[in-house]
Amino acid sequence: MASSSFRAAARHYYLPPDSHVKNLTPLPISITFRHFPLHQQRYYNQLCSSSMNGCQGNNNPTIQLPVKNIETRTFPAVSSNALAMESLKSAISHLKSQPPPSSSSSASSGIIRLQVPIQQQIEAIDWLHAQNQLLLPRCFFSGRTQSATSNLFIDRIASYGNANGNGNGNGSVVNNLISVAGIGSAVFFRHIHPFSYADWKSIKRFLSRESPLIRAYGAIRFDARADISTEWEEFGSFYFMIPQVEFDELEDYSMLATTVAWDNALSWTWDKAINDLQATMDQVSSMVVKLRKEVPRTFILSNNHIPSKAYWKSAVNQALQIISRSDTELTKVVFARSSRVITTTDIDPITWLACLQVEGENAYQFCLQPPNAPAFIGNTPEQLFHRKWLEIKSEALAGTRARGESMPVDLQIELDLLSSPKDHLEFTIVRESIRKKLEDVCSDVVVQPKKSIRKLPRVQHLYAKLAGRLRNEDDEFEILSSLHPSPAVCGFPTEEARVLIAETEVFDRGMYAGPVGWFGGGESEFAVGIRSALVEKGLGALIYAGTGIVEGSNASLEWEELELKISQFCGGRC
């Protein structure tokens, strides 16, 4: 729900095709993302080096228990973001002078969210854009419209208490949440080992049904067993953060919130936590600045695809030979491409994210940027899963065609996609794989519709919705670990496809095609991190896309599909 001025600005920010700059000398492919200069690094260290990693000591049974104090305090609504800042600073000062009981004991731990409703709707992405770019980490997550995400089951009406006074909010706050932006981390969760059940428990111990807006936002690598390249180092195998300062955009109003978390068992005391929060709040801008109505266009200096088109064709043809053999179970593999785009002017990741919002009705938009790292942004149509209490839903998405320039042409393309044997095979593999994985931990699994069309501004896909009921909320980790990677981004069978990808691809996917989303107390939602890019100031971007290879695939047509999928980043062919 971007504002008209923001959308106007975003429409002018697409990168023009490289045909505009044919005579410019391409930059070498070996360019890598840089770290901040030393003076900026010192500034960054002052802001970000002292936060708490909730995964420390996650093999200690004591640290696996829920934190002792989880609380949300809601204060009276105000008319502007500036007044909300004043209210929160006053509340933090009061909290500092009157800390929670036993906060100094060796076993003390807790997390407290302070939130102030704002009586006007302010876009979360505008608020994030107004903040200092060195205030890291930062995150952004925007869900899809309610009509696009309606459950196959009757939605439960959750009651989280009275939103007035010191209550814990109410269900309508969560249901009306459009997008969330956050900076700083009250607690973060990062490690280089693969995301495990112990890591999931480390996150969940800071979450509660009674405080539904305390959420951990983040992403997980596509393949944690693959070597981590330089540009993805700071993300680790997974990175999640509960923001210190958060701006929530709702349907009719907004909300500014701060969160303080401490755990003496992790050597992060109450005093450290509250002082760190105050330091972050001193850096937060109370002004919400809209982007200019016309953002200057930027031109492409170089565009290098990894792999090259020749290598791509060879890899696809080799995969097709393997799929056709009688001694293999492999029926599908998804190959991806990384395109490094260097531009004449800086690409601001938040501005680019606004462009994706314009492109992405009924899609997820996200941004995740750990300290000293590039920004991972994206606009993905694909849901991995959404859990609310025991109810869970997922989607199957496969097969891609462009949108038609007219309604009759668009309809004909739709019919071609629905009747294509190759695309039907690719889609059926994805749908049935998800269905079987849901049945392993769910009862009453429903697939409805069996196959339909999902239309997006530039592309359309084959699509089905699936839903089930978990037997236990702890099965959420099992769902996450089994649904990822799905055949839509890896292949089938999963392990055979993963090995072939690891042997064939010559770049690190990082978080591309991995789970991106959030964990909450009684609810969690993850998208698949496709249609995404890695952006750092001064060095352009790495844009990622992939296609599924099955019997009947054609290497040249699959390359064209890659071009179509990244067109939302470039406003045309990159």
Side-chain angles (χ1 to χ4, degrees), residues 47-56 58 63-64 66-73 88 92 95 100 109-115 124 128 131 135-141 160 168-169 173-174 177 179-191 195 199-220 235-236 238-248 255-263 265-266 268-270 272-274 276-281 284 366-371 476 515-526:
L47 294 176
C48 309
S49 63
S50 58
S51 45
M52 171 174 56
N53 186 352
C55 288
Q56 290 175 330
N58 62 8
I63 301 180
Q64 289 297 305
V67 297
K68 296 181 182 301
N69 182 19
I70 302 178
E71 183 181 353
T72 295
R73 301 182 184 182
L88 285 178
I92 293 169
L95 194 59
S109 63
I111 185 166
I112 299 175
R113 174 183 165 102
L114 311 174
Q115 59 187 30
L128 187 59
Q131 305 309 315
L135 276 174
L136 300 178
R138 59 181 174 177
C139 65
F140 178 89
F141 190 84
Y160 299 113
N168 291 306
V173 170
V174 178
L177 193 59
S179 58
V180 174
I183 57 174
S185 61
V187 53
F188 73 95
F189 309 87
R190 177 193 179 276
H191 213 287
F195 188 69
D199 299 314
W200 177 74
K201 292 292 286 186
S202 294
I203 295 174
K204 296 293 286 186
R205 63 188 294 260
F206 287 89
L207 308 176
S208 168
R209 286 188 178 191
E210 283 67 45
S211 291
L213 289 179
I214 298 179
R215 297 173 172 180
Y217 297 89
I220 301 172
F235 289 83
F238 58 90
Y239 188 93
F240 287 88
M241 56 179 282
I242 298 177
Q244 268 187 323
V245 185
E246 177 180 310
F247 194 93
D248 299 332
M255 184 145 55
L256 186 67
T258 61
T259 300
V260 57
W262 73 99
D263 190 340
L266 295 176
W268 188 249
T269 65
W270 164 261
K272 285 182 180 179
I274 198 72
D276 195 59
L277 175 57
Q278 284 188 316
T280 300
M281 285 291 286
V284 174
F366 61 84
C367 173
L368 182 66
Q369 188 172 15
E476 178 182 72
V516 180
W518 52 272
F519 291 110
E523 186 176 9
S524 301
E525 184 164 22
F526 281 84

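No experiment lies behind these values; they were computed from the predicted model shown.
- With sequence neighbours excluded, the residues that form a side-chain hydrogen bond (donor to acceptor under 3.5 Å, both in side chains) with Glu476 are Trp200, Arg387, Ser524.
- Scanning all heavy atoms of the two residues, the minimum distance from Leu207 to Ile214 falls at CD2-O, 3.3 Å.
- Interatomic distance, CE of Met281 versus CG of Leu88, reported as 5.0 Å (0.5 Å rounding).
- In this view, Val260 and Leu95, Ile112, Trp270, Ala273, Ile274, Leu277 satisfy the side-chain contact (heavy atoms from CB on, under 4.5 Å) rule, not counting sequence neighbours.
- In this structure Ser208 satisfies the side-chain hydrogen bond (donor to acceptor under 3.5 Å, both in side chains) test together with Glu210, sequence neighbours excluded.
- When side chains are defined from C-beta on, Leu177 counts as touching Arg215, because their heavy atoms get closer than 4.5 Å.
- At least one donor-acceptor pair closer than 3.5 Å links the side chain of Lys204 to the backbone N or O of Gly520.
- Counting heavy atoms from C-beta on, the side chains of Met52 and Phe206 come closer than 4.5 Å.
- Considering all non-hydrogen atoms of both residues, Tyr217 and Cys139 come closest at CB-SG, 4.1 Å.
- Annotation: the span from Asp199 atom CG to Arg190 atom CZ amounts to 12.0 Å, rounded to 0.5 Å.
- Qualifying salt bridge (charged side-chain N to carboxylate O under 4.0 Å, His left out) partners for Arg113, counting only residues two or more places apart in sequence or in other chains: Glu246, Asp248.
- Separation of atoms CH2 (Trp262) and CD1 (Ile111) is listed at 8.5 Å; rounding is to 0.5 Å.
- When all heavy atoms are compared, the tightest approach of Ile203 to Ala216 is CG2-CB, 3.6 Å.
- Partners of Ala219 according to the side-chain contact (heavy atoms from CB on, under 4.5 Å) rule, which considers only residues two or more places apart in sequence or in another chain, are Leu368, Met511, Val516.
- Interatomic distance, CD of Gln369 versus CG of Leu135, reported as 11.0 Å (0.5 Å rounding).
- The distance from the NZ atom of Lys68 to the CZ atom of Arg205 is 9.5 Å, given to the nearest 0.5 Å.
- By the ring pair (Phe, Tyr, Trp, His ring centres under 6.0 Å) test, Phe235 pairs with Trp232, sequence neighbours left out.
- Taking Phe195 as the reference, Phe238, Phe240 meet the ring pair (Phe, Tyr, Trp, His ring centres under 6.0 Å) condition, with sequence neighbours excluded.
- Between atom CH2 of residue Trp268 and atom OG of residue Ser109 there is a gap of 15.0 Å, rounded to the nearest 0.5 Å.
- By the side-chain hydrogen bond (donor to acceptor under 3.5 Å, both in side chains) test, Thr258 is found to be paired with no residue, residues two or more places apart in sequence or in another chain being considered.
- Using a 4.5 Å heavy-atom threshold, the side chains of Thr72 and Leu213 count as separate.
- Considering every non-hydrogen atom in both Asn53 and Phe189, the closest pair reads OD1-CA, 3.6 Å.
- The two residues Gly517 and Phe141 make their nearest non-hydrogen contact at CA-CE1, 3.7 Å.
- Smallest separation of non-hydrogen atoms from Pro370 and Pro137: CA-CB, 3.9 Å.
- By the 4.5 Å heavy-atom criterion applied to side chains, Leu266 and Val187 are not counted as neighbours.
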